[in-house]
Trainee: 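Below you'll find the structure I mean.
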Amino acid sequence: MIASSHDGNLLLPPLDQDRIQLEPGFGTRFMLFVDTEEEFDWDGPFSRTGHGVTALRGMARGQAYFQSAGVKPVYVTDYPIVESDHAVALLGQWRADGSADIGAHLHPWVNPPHVEEVNTANSYVGFLPEAIERAKLEALCSQMEARFGERPICYRAGRYGVGPHSARLLEDAGFKLDTSVRSRFDYSGQHGPDFQGLPQNPYWSGPSRSLIELPLSTAFIGLARGGGEALYRTAQRVRPLAAALSRARLLSRVPLTPEGVPARDAIAAIDALIEEGVRVLNFSFHSPTLAPGHTPYVRSEGDLATFYKWWDAVLSHMAYRGVAPASLNALLAAVPLRAEACKAA
């Protein structure tokens with residue numbers, strides 16, 4: 001038992017003893033999590049209906065690309081995907097042949113039970129009433145167990161929407177790892193979580209500290225990046241200043257994603273994160289981006305070609321920097337047991 005009033009809430013910074021020191025032999029590695037979800041109108045309101053799962057051909061091409069590069073993606077998968085026989089067959093085959101892992105991804109507006117009003121505030125499952133969040137999480141886990149033969153151990157909330165009860169509910173559901181915390185981002189202005197000030201490296205979370213939190217990776221780049229998050233927050237309060245700093249390449253916030261981020265900036269972010277001592281570079285994108293016309297990031301075949309060129313450049317740079325890919329199991333194996341930390345607490 002943790003002798004502290006801190007309950008492992010994913011919206012709070014971890015205690016010092018909850019920070020994870022990965023095994024030295026793990027080195028600096030990278031992982032790829034794909035938000036594997038239905039297609040919908042990114043410019044329209046949320047809806048329980050009107051979505052499709054037609055980007056699966058693009059997913060097959062993407063999987064072949066990453067497999068050839070030695071990358072083992074983790075497909076965090078939501079309810080409409082798990083309902084698709086074609087998707088389950090594809091994902092199940094990739095998991096069976098050892099080329100991919102499968103986790104859970106929860107979009108509350110398309111995940112039963114359908115009891116809440118569909119709106120922007122309720123698109124963050126972690127801010128729904130606890131009983132509803134629990135019921136939706138259990139519905140997804142049970143459906144994944146029925147379709148894939150086992151319950152998921154890895155989770156990412158849709159829209160990064162974890163809340164005050166999420167860590168405990170994920171512990172109770174048997175998850176080993178969460179990757180919902182998008183460090184250095186604040187969604188409170190749109191009814192979501194504020195992740196400002198949270199770490200980049202993994203840490204223990206949940207009331208009993210049995211859940212590993214692996215934050216998504218975000219760097220500050222530019223000549224003024226030494227000012228870090230404090231300077232960025234200050235600049236954001238004066239929007240013309242923030243825009244001027246970005247245009248002058250003095251300070252920009254760069255998440256590790258091919259969606260809306262030039263390869264040049266991603267490479268600078270990789271270097272900045274390595275310099276910060278980040279041990280796991282956590283990349284992500286949305287599965288519908290793998291087929292033209294479903295997200296704002298890939299509207300055409302030309303955009304899709306640019307997407308793969310982005311990965312060519314980024315993977316080449318990581319190889320140059322000696323940053324190898326890591327699988328989910330490799331990461332879990334590199335996390336030491338918490339016996340000493342629990343005793344100290």
Side-chain angles (χ1 to χ4, degrees), residues 33-42 44-60 63 73-95 100-163 165-166 169-170 172-180 192 284-291 294-295 328:
F33 292 83
V34 181
D35 294 3
T36 310
E37 58 192 36
E38 74 284 359
E39 303 112 39
F40 54 90
D41 181 0
W42 282 51
F46 294 98
S47 173
R48 297 206 196 281
T49 60
H51 55 262
V53 289
T54 63
L56 296 175
R57 185 170 63 178
M59 283 184 61
Q63 171 61 20
V74 183
Y75 293 100
V76 286
T77 306
D78 80 349
Y79 205 93
I81 294 292
V82 179
E83 287 189 304
S84 164
D85 290 341
H86 187 192
V88 168
L90 279 179
L91 293 166
Q93 180 58 51
W94 298 338
R95 186 187 63 171
D101 286 308
I102 303 172
H105 186 54
L106 204 161
H107 280 180
W109 60 94
V110 289
N111 195 119
H114 299 303
V115 294
E116 80 285 3
E117 180 182 351
V118 177
N119 56 38
T120 300
N122 289 341
S123 68
Y124 298 95
V125 68
F127 288 88
L128 292 173
E130 179 181 352
I132 297 178
E133 182 181 7
R134 183 188 295 275
K136 286 181 178 289
L137 189 62
E138 180 54 35
L140 177 58
C141 290
S142 295
Q143 181 74 333
M144 293 187 72
E145 184 175 23
R147 298 288 265 164
F148 293 114
E150 60 185 25
R151 291 172 70 89
I153 63 168
C154 172
Y155 178 76
R156 173 174 294 155
R159 293 170 62 72
Y160 319 108
V162 286
H165 309 294
S166 300
L169 297 180
L170 291 170
D172 291 347
F175 284 94
K176 294 183 179 180
L177 183 140
D178 175 71
T179 179
S180 303
S284 69
F285 65 85
H286 301 83
S287 65
T289 292
L290 290 165
H294 299 300
T295 72
L328 178 59

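These values consider heavy atoms only, across backbone and side chains, with no hydrogens, waters or symmetry-generated copies. Note that the numbering runs from 1 along the sequence shown for the chain.
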Trainee: Could you walk me through whether M144 and I102 satisfy the side chain to side chain contact (heavy atoms under 4.5 Å, CB included) test, starting with their C-alpha distance in whole Å, then the side-chain angles of each, then the deciding distance to 0.1 Å, before giving a yes or no?
Mentor: CA-CA 9 Å; M144 293 187 72; I102 303 172; 3.6 Å; yes
Trainee: List the steps, then state whether side-chain hydrogen bond (donor to acceptor under 3.5 Å, both in side chains) holds for E133 with H165.
Mentor: CA-CA 8 Å; E133 182 181 7; H165 309 294; over 6 Å; no
Trainee: So, R156 side chain and T179 main chain: donor-acceptor pair closer than 3.5 Å or not?
Mentor: yes
Trainee: Do M59 and L91 make a side-chain contact, defined as non-hydrogen atoms from C-beta onward lying under 4.5 Å apart?
Mentor: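 Yes, close enough: below the 4.5 Å cut-off.
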Trainee: Mind checking what makes ring-ring contact (aromatic ring centres under 6.0 Å, His included) contact with H294, not counting sequence neighbours?
Mentor: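 Not a single residue meets the ring-ring contact (aromatic ring centres under 6.0 Å, His included) criterion with H294.
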Trainee: Given R134 and E138, is the salt bridge (charged side-chain N to carboxylate O under 4.0 Å, His left out) satisfied, shown in steps?
Mentor: CA-CA 6 Å; R134 183 188 295 275; E138 180 54 35; over 6 Å; no
Trainee: What is the minimum heavy-atom distance between S84 and A87, and which atoms define it?
Mentor: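 In terms of heavy atoms, the two residues are closest at OG-N, 3.1 Å.
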Trainee: What's the spacing between S142 OG and L137 CG if we round to 0.5 Å?
Mentor: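 So the gap between those two atoms works out to 9.5 Å.
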Trainee: Measuring from atom CG of N119 to atom CG of N122, what distance do you get when rounded to the nearest 0.5 angstrom?
Mentor: 4.0 Å
Trainee: Assess whether side chain to side chain contact (heavy atoms under 4.5 Å, CB included) is satisfied between R95 and E150, documenting all intermediate values.
Mentor: CA-CA 12 Å; R95 186 187 63 171; E150 60 185 25; 3.3 Å; yes
Trainee: I need the minimum non-hydrogen distance between G174 and I153, along with the two atoms involved.
Mentor: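 Scanning both residues completely, I find the closest heavy atoms to be O-CG2, 4.3 Å.
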Trainee: Decide yes or no on side chain to side chain contact (heavy atoms under 4.5 Å, CB included) for C141 and F175, but give the supporting numbers first.
Mentor: CA-CA 10 Å; C141 290; F175 284 94; 3.5 Å; yes
Trainee: Could you walk me through whether K176 and C154 satisfy the side chain to side chain contact (heavy atoms under 4.5 Å, CB included) test, starting with their C-alpha distance in whole Å, then the side-chain angles of each, then the deciding distance to 0.1 Å, before giving a yes or no?
Mentor: CA-CA 6 Å; K176 294 183 179 180; C154 172; over 6 Å; no
Trainee: Would you confirm whether E39, through its side chain, and A55, through its main-chain N or O, come within 3.5 Å as a donor-acceptor pair?
Mentor: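 Between the backbone of A55 and the side chain of E39 there is a qualifying donor-acceptor contact (under 3.5 Å).
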Trainee: Taking all non-hydrogen atoms of both residues, which atom of A139 and which atom of N111 are closest, and how far apart?
Mentor: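 For A139 versus N111, the nearest heavy atoms are CB-ND2, 4.1 Å.
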Trainee: Are E37 and P80 packed together at the side-chain level, in the sense that at least one heavy-atom pair is separated by less than 4.5 angstrom?
Mentor: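 No, side chains not in contact.
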Trainee: Enter the distance from Q63:CD to Y75:OH here, rounded to the nearest 0.5 Å.
Mentor: 3.5 Å
Trainee: Shortest non-hydrogen contact from Q143 to V82?
Mentor: CG-CG1, 3.4 Å
Trainee: For G158 and H107, work out which heavy atoms get closest and say how close.
Mentor: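 Shortest heavy-atom separation between G158 and H107 comes out as CA-CD2, 3.7 Å.
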Trainee: Rounded to the nearest 0.5 Å, how far does CD of E38 lie from NE2 of H286?
Mentor: 10.0 Å
Trainee: Return the set of residues passing side-chain hydrogen bond (donor to acceptor under 3.5 Å, both in side chains) with R57 (not counting sequence neighbours), or none when no residue passes.
Mentor: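 For R57 there are no side-chain hydrogen bond (donor to acceptor under 3.5 Å, both in side chains) partners, ignoring immediate neighbours.
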Trainee: Using modelled atom types and a 3.5 Å cut-off, is there a donor and acceptor pairing between side-chain atoms of K136 and backbone atoms of P108?
Mentor: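 Here the side-chain-to-backbone pair exists.
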Trainee: May I ask you to decide if V34's main-chain N or O and T36's side chain share a donor-acceptor pair within less than 3.5 Å?
Mentor: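 Checked: pair present.
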Trainee: Within this structure, what is the CG-CG distance for the pair L106 and L128, rounded to the nearest 0.5 Å?
Mentor: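 So the CG of L106 and the CG of L128 are separated by 9.0 Å.
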Trainee: Could you measure the distance from the CG atom of D101 to the CH2 atom of W94? Nearest 0.5 Å is fine.
Mentor: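 CH2 of W94 is found 13.0 Å from CG of D101.
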Trainee: Can you tell if the side chain of V88 reaches within under 4.5 Å of the side chain of F148, non-hydrogen atoms only?
Mentor: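 The answer is yes; the side chains approach within 4.5 Å.
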Trainee: Can you find a heavy atom in the side chain of R147 that is under 4.5 Å from one in the side chain of D85?
Mentor: yes
Trainee: Does any part of the side chain of Y155, heavy atoms only, come nearer than 4.5 Å to the side chain of L177, both counted from C-beta?
Mentor: no
Trainee: Ring-plane angle category for F46 and W109, please: parallel below 30°, perpendicular beyond 60°, tilted otherwise.
Mentor: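 Taking W109 first and then F46, their aromatic rings sit tilted (interplane angle of 30° to 60°).
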Trainee: I need the minimum non-hydrogen distance between S47 and V118, along with the two atoms involved.
Mentor: N-CG1, 4.0 Å
Trainee: Would you say the side-chain atoms of T77 pair up with the backbone N or O of A104, donor to acceptor, closer than 3.5 Å?
Mentor: no
